[in-house]
There are 2 protein chains.
Amino acid sequence: MQIAKGVEWTTHICTVIALLPPGRGLAVDVLADFFEVPSAYLSKQMQLLRRAGVVESVRGKSGGYRLAKTPDDITLLDIVLAIEGPKPAFRCTEIRQNGPCGLKRTDCKRPCEIAAAFAEAERVYRDALKVKTLASIMQEAAVNAKPEHLNDIGNWVQQQLP
Amino acid sequence: MQIAKGVEWTTHICTVIALLPPGRGLAVDVLADFFEVPSAYLSKQMQLLRRAGVVESVRGKSGGYRLAKTPDDITLLDIVLAIEGPKPAFRCTEIRQNGPCGLKRTDCKRPCEIAAAFAEAERVYRDALKVKTLASIMQEAAVNAKPEHLNDIGNWVQQQLP
DNA sequence: CTTTATCCGGATAATATATATCCGATTAAG
DNA sequence: CTTAATCGGATATATATTATCCGGATAAAG
């Protein structure tokens with residue numbers, strides 16, 4: 001039960017492109033260099049974010065990726081669902097319908113109690129990710145970081161703009 | 001991000017072997033037939049449960065698996081951790097230390113805010129699974145099931161005992 | 001218009017993990 | 001001792017994750 005690395009990568013990247021001036025974007029290659037992650041694969045992950053409406057892309061020269069919404073409107077759950085897809089982690093295969101004492105399908109209107117318990121746990125998990133916005137993450141990071149480091153990132157972002 | 005099928009299988013199986021008379025066990029082959037799951041693979045999963053102290057095995061003739069604790073003392077989290085292992089789903093690879101603006105390791109005493117947010121979400125997930133005991137699951141199932149089905153299972157378990 | 005930089009999508013491959021099987025070693029019951 | 005059953009390791013297969021490459025589309029800049 002592992003979360004794809006793309007979730008970690010793209011979340012960090014969202015905190016960086018949030019610092020861009022309005023209307024500007026950063027290229028995948030540039031972002032890949034910033035965190036030393038493989039650019040071709042990162043490109044795939046960013047496409048997933050774009051399809052989910054988290055970021056938007058500008059094609060052609062001086063194009064790149066930027067946020068599609070304000071950092072307040074992007075949650076960690078948005079990013080996880082974009083990368084991992086919507087399917088729940090627990091897969092109920094209805095084995096209660098199998099074997100010598102298997103239930104008939106018509107007797108299985110209610111969800112299996114085990115599946116329901118896992119669904120409930122996943123619900124609280126998702127709720128916890130839903131209240132963490134990109135803005136709140138960046139706020140926490142700003143409080144904890146050294147001022148010069150925030151400066152470094154701001155300057156670096158500026159320098160990447162054509 | 002998927003939970004291993006073994007979690008579903010062994011949880012269901014725990015609700016069955018909970019019905020055994022004290023001191024008796026059921027063989028893997030018998031349990032595999034009950035839910036129509038592959039017995040050799042189920043055997044591996046039951047070994048994981050045994051190492052985690054959820055079930056215990058009796059070797060030799062008329063041996064098999066039985067619960068190692070009362071259904072009240074077994075939680076869904078116990079089973080998940082036994083099968084999936086203890087490692088968290090979100091893997092922080094510390095990419096904040098990478099690239100042109102990477103932090104020095106000495107500046108990374110606090111956990112990364114992103115990793116912390118996922119750790120918190122996993123904490124509430126685990127807490128939700130921790131309050132679901134085998135006993136509570138069986139209680140819910142007993143309330144929802146038709147009485148004759150509970151009877152069928154009880155009778156089947158009796159018949160499997162030598 | 002041409003060049004250049006960039007995203008897009010599909011194909012492909014490598015690696016890791018999950019799923020599944022088999023068999024010899026070991027242990028308990030009769 | 002013989003038989004039945006589990007354990008543990010070795011191994012095989014399937015699926016998911018990670019990763020790369022390339023041709024095509026798009027758009028800016030010269």
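In what follows, chains are A, B, ... by sequence order, proteins preceding strands, each numbered from 1.
Within a 6.0 Å sphere centred on CZ of Arg110(B), heavy atoms belonging to other residues, nucleotides or ligands number 12 at most.
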Residues Arg96(A), Ile114(A); criterion side chain to side chain contact (heavy atoms under 4.5 Å, CB included); working and verdict: CA-CA 10 Å; Arg96(A) 62 178 170 170; Ile114(A) 293 169; over 6 Å; no

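Minimum atom distance to the side chain of Lys5(A) is reached by dA19(D), of the listed dA19(D), dT17(D), dG8(D). In the set dC7(C), dT17(D), dA28(D), dA28(D) carries the atom at the smallest distance from any side-chain atom of Ser62(A). When each of dA19(D), dG9(C), dC8(C) is scored by its nearest atom to the side-chain atoms of Trp9(A), the top-ranked nucleotide is dA19(D).
Along DNA chain C, the nucleotide nearest to Tyr65(A) and the one nearest to Gly6(B) differ in position, and the one closer to the 5' end is contacted by Tyr65(A). When the nearest nucleotides of DNA chain D are assigned to Gly64(B) and Arg91(A) by heavy-atom distance, the more 5′-ward of the two goes with Gly64(B). Comparing Lys61(A) and Gln2(A) along DNA chain D, the residue whose closest nucleotide (by nearest heavy atom) sits nearer the 5' end is Gln2(A).
Both Met46(B) and Leu20(B) belong to a single network of hydrophobic side chains, linked directly or stepwise wherever heavy atoms of I, L, V, M, F, W or Y lie under 4.5 Å apart. Criterion: ILVMFWY side-chain heavy atoms under 4.5 Å apart, direct or through other members. Under it, Met138(A) and Val16(A) are part of a common hydrophobic cluster.
Here the C1' atom of nucleotide dT15(D) and the CD1 atom of Ile3(B) are 17 Å apart, to the nearest Å. Here dC7(C) presents its P atom at 13 Å from CG of Leu49(A), a figure rounded to the nearest Å. The distance from atom CD1 of Ile83(B) to atom C1' of dT19(C) is 13 Å, rounded to the nearest whole Å. Gln160(B) places its CD atom 12 Å from the P atom of dA5(D), with the value rounded to the nearest Å. Spacing between atom NZ of Lys87(A) and atom C1' of dT17(D) amounts to 11 Å, rounded to whole angstrom units. Atom CG of Asp29(B) and atom P of dC22(C) are 12 Å apart (whole Å).
For DNA chain D, the neighbouring residues in residues 33-48 of chain B, judged by any heavy atom under 4.0 Å, are Lys44(B), Gln47(B).
Between Tyr41(B) and Trp9(B), the ring planes lie perpendicular to each other; the angle is over 60°, past the 30° to 60° tilted range.
At least one side-chain nitrogen or oxygen of Arg51(A) sits closer than 4.0 Å to the OP1 or OP2 atom of dG9(C). Dashed line: the shortest gap from a side-chain N or O of Arg59(A) to OP1 or OP2 of dG9(C) is not under 4.0 Å. The side chain of Arg50(B) contributes an N or O atom lying less than 4.0 Å from OP1 or OP2 of dC7(D). Side-chain N/O atoms of Ser57(A) include one lying less than 4.0 angstrom from OP1 or OP2 on dC8(C). Taking side-chain N and O atoms only, Arg66(A) has no distance below 4.0 Å to OP1 or OP2 of dC7(C).
Taking every heavy atom of both residues into account, Asp152(A) and Cys101(B) meet most closely at O-SG, 3.8 Å.
Applying the ring-ring contact (aromatic ring centres under 6.0 Å, His included) rule to His12(A) yields the partners Phe35(A); only residues at least two apart in sequence or on another chain are considered. Residues satisfying the side-chain hydrogen bond (donor to acceptor under 3.5 Å, both in side chains) test with Asp127(B), not counting sequence neighbours, are Arg123(B).
Across all strands shown, Gly25(A) has no heavy atoms under 4.0 Å from either base or sugar-phosphate atoms.
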